[in-house]
Every structure is written in C-alpha cells, then in structure tokens.
Amino acid sequence: MFAFLSKNYLQPEAAELIAGFSTTCPPPRLIGKRRIAEKVVAQAMRELYEKTAELASRKRLGVLGRARLAKAMQTILREQGYAEELTAQVVGAVTVNSLVAKKKA
C-alpha cells in the first residue's frame, strides 16, 4: 500500500529497462575495446526513453516517482560499468521527461 514511500520500489522496473538497453549496448566490461556504432547507441537510447516514458505513464508516476526511477536507472548503469557521460545522459533525459511528459488521467 505504501510502496511509493520506498526508495527502491521502482528497482525491478529500472532493471528491466536497463536490461533491454544492455542487449543492444552491452556494458563496457562485456565488450572490451570494441566500439558500438553511434547510430546503434542513439537508437537504443531512443527506445529506452520511449519505454521509460510509457512505464511512467502506465504507472502514473509523478515527478518524485520519475526521479526515483531515474535514480534507480543511474545506480544500475553505474554498477554495470557504463561511462559516466552515458549515465548522466540517460538520467537527465528521464528527469526532463518527468517535467514535460503528460500524465494519464
């Protein structure tokens, strides 16, 4: 009933979103020095943003919920060894989305 009070209640959803992203853009520790094409990364990022927005809308997350989702995603990305620049880009986009996205009525 009071799941919204927990800081980790969106952890499973964040993990699922990042897992989908990781299939296209694996963490650096898994690919070594091989580089992923910029177009592939851009497409994976767009898909991640779309899925995140859909989740936020479906779960009717407010600003606080979206911020917690962004923080959970940030933690997972850091744990998996993604570059800080990519992590900041994802978290920034999710946070901005929380301010501009329409909520379901």
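Throughout, numbering of the chain's residues begins at 1 and tracks the sequence.
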**Student:** Could I get the full list of side-chain hydrogen bond (donor to acceptor under 3.5 Å, both in side chains) partners for Glu50, not counting sequence neighbours?
**Tutor:** none
**Student:** What distance separates Leu86 CG from Arg78 CZ, expressed to the nearest 0.5 Å?
**Tutor:** 11.5 Å
**Student:** Could you list all the ring pair (Phe, Tyr, Trp, His ring centres under 6.0 Å) pairs where at least one residue sits in residues 51-84, not counting sequence neighbours?
**Tutor:** Phe21-Tyr82
**Student:** For Gln11 and Ile76: C-alpha separation, side-chain torsions, deciding distance, then whether side-chain contact (heavy atoms from CB on, under 4.5 Å) applies.
**Tutor:** CA-CA 9 Å; Gln11 194 73 22; Ile76 294 167; 3.6 Å; yes
**Student:** Pairs in or reaching into residues 59-81: which pass ring pair (Phe, Tyr, Trp, His ring centres under 6.0 Å), with residues at least two apart or in two chains?
**Tutor:** none
**Student:** Are Lys71 and Leu10 close enough, and set up right, to give a side-chain contact (heavy atoms from CB on, under 4.5 Å), and what steps lead you there?
**Tutor:** CA-CA 9 Å; Lys71 177 62 177 160; Leu10 291 168; over 6 Å; no
**Student:** Work out which heavy atom in Gln74 is nearest to a heavy atom in Val91; give both atom names and the distance.
**Tutor:** CB-CG2, 3.3 Å
**Student:** Report yes if some heavy atom in the side chain of Met73 is under 4.5 Å from a heavy atom in the side chain of Thr52; otherwise report no.
**Tutor:** yes
**Student:** Under the rule for salt bridge (Lys or Arg N to Asp or Glu O under 4.0 Å), what residues qualify as partners of Glu38, not counting sequence neighbours?
**Tutor:** none
**Student:** Quick one: does Glu16's side chain get under 4.5 Å of Leu55's, heavy atoms only?
**Tutor:** no
**Student:** Should Tyr49 and Val41 be regarded as members of a common hydrophobic cluster, given that ILVMFWY residues are connected when their side-chain heavy atoms come within less than 4.5 Å of each other, either directly or indirectly?
**Tutor:** yes
**Student:** What about Leu48 and Leu77, same hydrophobic cluster or not, with Ile/Leu/Val/Met/Phe/Trp/Tyr joined at side-chain heavy-atom distances under 4.5 Å?
**Tutor:** yes
**Student:** Can you name the residues that form a salt bridge (Lys or Arg N to Asp or Glu O under 4.0 Å) with Lys59, not counting sequence neighbours?
**Tutor:** Glu13
**Student:** What pairs with Glu47 under side-chain hydrogen bond (donor to acceptor under 3.5 Å, both in side chains), at least two apart in sequence or on another chain?
**Tutor:** Gln43
**Student:** A side-chain contact here means heavy atoms from C-beta on lying under 4.5 Å apart; do Leu69 and Leu17 qualify?
**Tutor:** yes
